[in-house]
Structure formats: C-alpha cells, structure tokens
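Have a look at the structure below before the remarks.
All values reported here derive from a predicted model rather than from experimental measurement. The basis for the numbers below is simple: all heavy atoms, side chains too, and nothing from hydrogens, waters or symmetry mates.
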Amino acid sequence: MIAVVDDDEAMRDALSELLQVLCMECRTFERAEAFLAAYSPNSFDCLITDLRMPGMSGMELIRELMVLGSRLPVIVITSSMEVESRSEAIAGGAFAYLTKPVGEELLTRTLNAALVR
C-alpha cells in the first residue's frame, strides 16, 4: 500500500493512476495531518509526499514519522530545486528526492528500490 500526500489534486490523481497501472494499491491524502491520522506501523509500504503543503509540510511529516520510529521509506516529489531542501530531506530520512515533473520510468525505479529496501 502506497500513501500519496500532496495538496495538488491533479498530482494526487496522476500518481494514483500510475500506481494502479503498476498494480499497486494506494491511498491519497490532501494533507500530511490526514495521513498521520490514518498512519499506523505496517499500514503502508511507502510514502510519496510533496514538501510544500498547507499546514504540516513534507519535511515536518518526515520528522514526525522519525519521532514515531517509522521505517517507512519516503519519496519526496517537489517542484523545489533548492539544494538546501534536498539536503535537508535526505539528511532527515527521505529515501529519495525527485523534482517535478518526474518521469514515469524514474519514479517507477525509485519506488521499486524503496519497496525492496
């Protein structure tokens, strides 16, 4: 089960459709807070999140998962090309940091690598 957290409805829908084509189940969330309300250990196999969202940011979400002791692999997909954001996300525990628009092949490879981990 893949969780997708992004405030952009079109992005959530596109990721959901891609995951369905890859025969993967997913649940989408508009906000990080909604994901955390549904989160429990072993309920998801991977998280795909944006960084910039209203309320709790993607970085805050990653930090909160670490506080909870989560080992959930997190793939960040964002329009931010700031080196500092990338460094902070990876240092904070993100498995990968991809910039929009992300190609289907790259996302699929990254997702498969995260799931194998």
Side-chain angles (χ1 to χ4, degrees):
M1 176 66 71
I2 312 301
V4 175
V5 180
D6 198 313
D7 61 314
D8 181 343
E9 183 178 7
M11 187 65 174
R12 283 193 317 272
D13 290 347
L15 288 170
S16 177
E17 289 174 14
L18 173 61
L19 293 169
Q20 288 176 5
V21 167
L22 297 172
C23 298
M24 295 182 185
E25 292 184 63
C26 79
R27 274 185 71 188
T28 61
F29 301 90
E30 184 175 2
R31 300 175 63 97
E33 296 87 347
F35 167 76
L36 284 173
Y39 173 79
S40 65
N42 303 317
S43 56
F44 296 97
D45 300 299
C46 187
L47 167 64
I48 299 173
T49 187
D50 191 5
L51 281 186
R52 296 181 181 152
M53 300 180 286
M56 181 182 280
S57 72
M59 260 326 300
E60 291 169 320
L61 174 57
I62 292 169
R63 284 189 211 109
E64 182 62 26
L65 287 169
M66 291 305 217
V67 166
L68 294 171
S70 172
R71 297 181 49 80
L72 183 68
V74 178
I75 298 171
V76 173
I77 299 179
T78 184
S79 58
S80 175
M81 297 177 116
E82 299 170 1
V83 174
E84 298 82 23
S85 294
R86 184 184 200 298
S87 297
E88 183 181 6
I90 297 300
F95 178 80
Y97 186 99
L98 307 175
T99 54
K100 295 176 184 174
V102 62
E104 185 177 316
E105 184 179 319
L106 174 59
L107 178 57
T108 301
R109 277 196 326 262
T110 304
L111 184 56
N112 285 330
L115 292 171
V116 168
R117 184 190 92 154

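E88 has a carboxylate O that lies under 4.0 Å from a charged side-chain N of R63, or vice versa, which qualifies the two as a salt bridge. With respect to the salt-bridge test (charged N to carboxylate O, under 4.0 angstrom), the residues R52 and E60 do not qualify. Ion pairing between a basic and an acidic side chain is recognised when a charged N comes within 4.0 Å of a carboxylate O; R86 and E82 show no such pairing. Between K100 and D6 there is a salt bridge, with a side-chain nitrogen of the basic residue lying less than 4.0 Å from a carboxylate oxygen of the acidic one.
Considering every non-hydrogen atom in both A3 and F35, the closest pair reads CB-CE1, 3.5 Å. Between Y97 and S85, the shortest heavy-atom contact is OH-CB, 3.5 Å.
Legend: residues meeting side chain to side chain contact (heavy atoms under 4.5 Å, CB included) with A38, ordered by chain and number and at least two apart, are R27, F29. S16 pairs by the side chain to side chain contact (heavy atoms under 4.5 Å, CB included) definition with Q20, C26, T28, not counting sequence neighbours. Remark: S70 pairs with Y39, L65, L72 by the side chain to side chain contact (heavy atoms under 4.5 Å, CB included) rule, at least two apart or across chains.
Between L36 and L61 there is a side-chain heavy-atom pair separated by less than 4.5 Å. Side-chain contact between D50 and M11: absent, with no pair of heavy atoms (C-beta onward) separated by less than 4.5 Å. Taking 4.5 Å as the limit, some side-chain heavy atom of L107 sits within range of a side-chain heavy atom of L15. Counting heavy atoms from C-beta outward, D7 and R31 have side chains that stay 4.5 Å or more apart. Annotation: side chain of M24 is in contact with side chain of N112 (closest heavy-atom distance under 4.5 Å).
A donor-acceptor contact shorter than 3.5 Å links the side chain of S43 to the backbone of S40.
Tracing side-chain contacts under 4.5 Å through hydrophobic residues (I, L, V, M, F, W, Y), one reaches I77 starting from L19; they form part of the same cluster. Both V76 and I90 belong to a single network of hydrophobic side chains, linked directly or stepwise wherever heavy atoms of I, L, V, M, F, W or Y lie under 4.5 Å apart. Using a 4.5 Å cut-off between side-chain heavy atoms of Ile, Leu, Val, Met, Phe, Trp and Tyr, with links allowed through other members, V74 and F44 fall into the same hydrophobic cluster.
For the pairing with I75, the side-chain contact (heavy atoms from CB on, under 4.5 Å) check across I2, V102, L111 returns one residue only, L111.
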